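Below is one structure, written out as structure tokens; the observations come after it.
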2 protein chains.
Amino acid sequence: MSRSRDAVHEILRQSAAFRSAQDIFTEMRADGSKIGLTTIYRALQALNDDGRVDVLRTDDGEAVYRACATSAHHHHLVCRGCGLTVEVDGPDVEVWAERVGAEHGFTAITHTVEVFGTCAACAKG
Amino acid sequence: MSRSRDAVHEILRQSAAFRSAQDIFTEMRADGSKIGLTTIYRALQALNDDGRVDVLRTDDGEAVYRACATSAHHHHLVCRGCGLTVEVDGPDVEVWAERVGAEHGFTAITHTVEVFGTCAACAKG
DNA sequence: AACCGTTTTGACAATCATTTTCATTTTCTG
DNA sequence: CAGAAAATGAAAATGATTGTCAAAACGGTT
């Protein structure tokens, strides 16, 4: 529901990179929208609750969001330069995480795995 | 150098969990120290620059620190209940990350991998 | 011990992302 | 269309972190 939420979702769909709330706000305002920053935060939170967008934290603690193609469990390969993101799979990693947890008596294992690098385009400068 | 920095380092050494700046501040003040919060932030930053402490972000974006036993590359298995942390190794994961990056033309690959779970003690309640 | 330049420290203000509050507007539903 | 419920935006409140700056602690030197 809600027009704003769809608009925010749409912005994310059109971007291959993770985007911050401020970032989305700036783009939408530039496009003539009168949306408020608060609404964007609410939309992102709702989209995330519904599993429609993924969120991760940058090194400086800012939350960034992305509309991923799949809702299945996956990881990200993110370009440090332009933010270009590729969704990747890591069956071995899933198994490893479970095993490591079990070996130390931990249960209800979850994990976060993100891979960073410089994409081919950015490497050229 | 600096007394405060050693004091902060010492607090971390005595904890198996990741700790926040505020958290460390509260403990030191309770112990009678007159240290300021600013100094703690500076100490943590310096210790991190020197590679003496690891840092990671909680889900709500707070930075938490830990003095790890090894300075070599490793990952963490963290208890969601008490924060108890075990340093773990994942050779397969390193290889996987490199391969995934290379497959997509990315260079200068790095990665973050953290495993969360409930430790045996916390599972008992 | 008194002196002096350097480093460290801590109180306080400033920043920045995010959340809350609250009154207004929009959307639904009957 | 009325009236209730949900959504919105502006502005204030939070909370972590950083910047500022003057006071305090050091270190080495007479």
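Note that the structure is a prediction, hence the values are computed from the model and not measured. Each chain gets a letter, A, B and so on, in the order its sequence line appears, and its residues count up from 1.
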Using OP1 and OP2 only, check whether a side-chain N or O of B:Y41 sits under 4.0 Å from D:dT17. yes
In whole Å, what is the span from the CD1 atom of B:I24 to the C1' atom of D:dT17? 14 Å
Between D:dG19 and B:R42, counting only base atoms on the nucleotide and side-chain atoms on the residue, is there a donor-acceptor pair under 3.5 Å? no
Whole angstrom value for the distance that separates P of D:dT8 from CZ of A:R29: 14 Å
So, is B:T39 near the phosphate of C:dG10, with a side-chain N or O under 4.0 Å from OP1 or OP2? yes
Report the distance from atom CG of A:D6 to atom P of D:dA7, rounded to the nearest whole Å. 12 Å
Would you confirm whether the ring centroid of A:F18 sits within less than 6.0 angstrom of the ring centroid of A:H76? yes
Are the ring centres of A:H75 and A:H111 closer than 6.0 Å? yes
Just the rounded figure in Å: distance from C1' of D:dG15 to CZ of B:R57. 13 Å
B:F25 CZ to D:dG15 P, in whole Å, measures 15 Å
In whole Å, what is the span from the CZ atom of B:R5 to the P atom of C:dG10? 15 Å
Give a yes/no on whether any side-chain N or O of A:T38 is located under 4.0 angstrom from OP1 or OP2 of D:dT8. no
Whole-Å gap separating P (C:dT8) and NZ (B:K34): 22 Å
Presence of A:Q22 side-chain N/O under 4.0 Å of C:dC16 phosphate oxygens OP1/OP2: no
Considering only heavy side-chain atoms of B:Q45, the closest of C:dG10, D:dT18, D:dG9 is D:dT18
I'd like to know if the side chain of B:H74 pairs up with that of B:D54 as donor and acceptor (distance under 3.5 Å, no hydrogens or angles considered). yes
Considering all heavy atoms, the nearest B:V53-B:A67 contact: CG1-CA, 4.3 Å
Do the charged groups of B:D50 and B:R5 touch, with an N to O distance under 4.0 Å? yes
B:E62 CD - C:dA17 C1' separation (whole Å): 14 Å
The side chain of B:I35 lies closest to which of these nucleotides: C:dT18, D:dT17, C:dG10? C:dG10
Quick one: is D:dC26 close enough that its OP1 or OP2 comes under 4.0 Å of any side-chain N or O from B:R3? yes
Contact under 4.0 Å: A:S2 side-chain N or O vs D:dA7 OP1/OP2: no
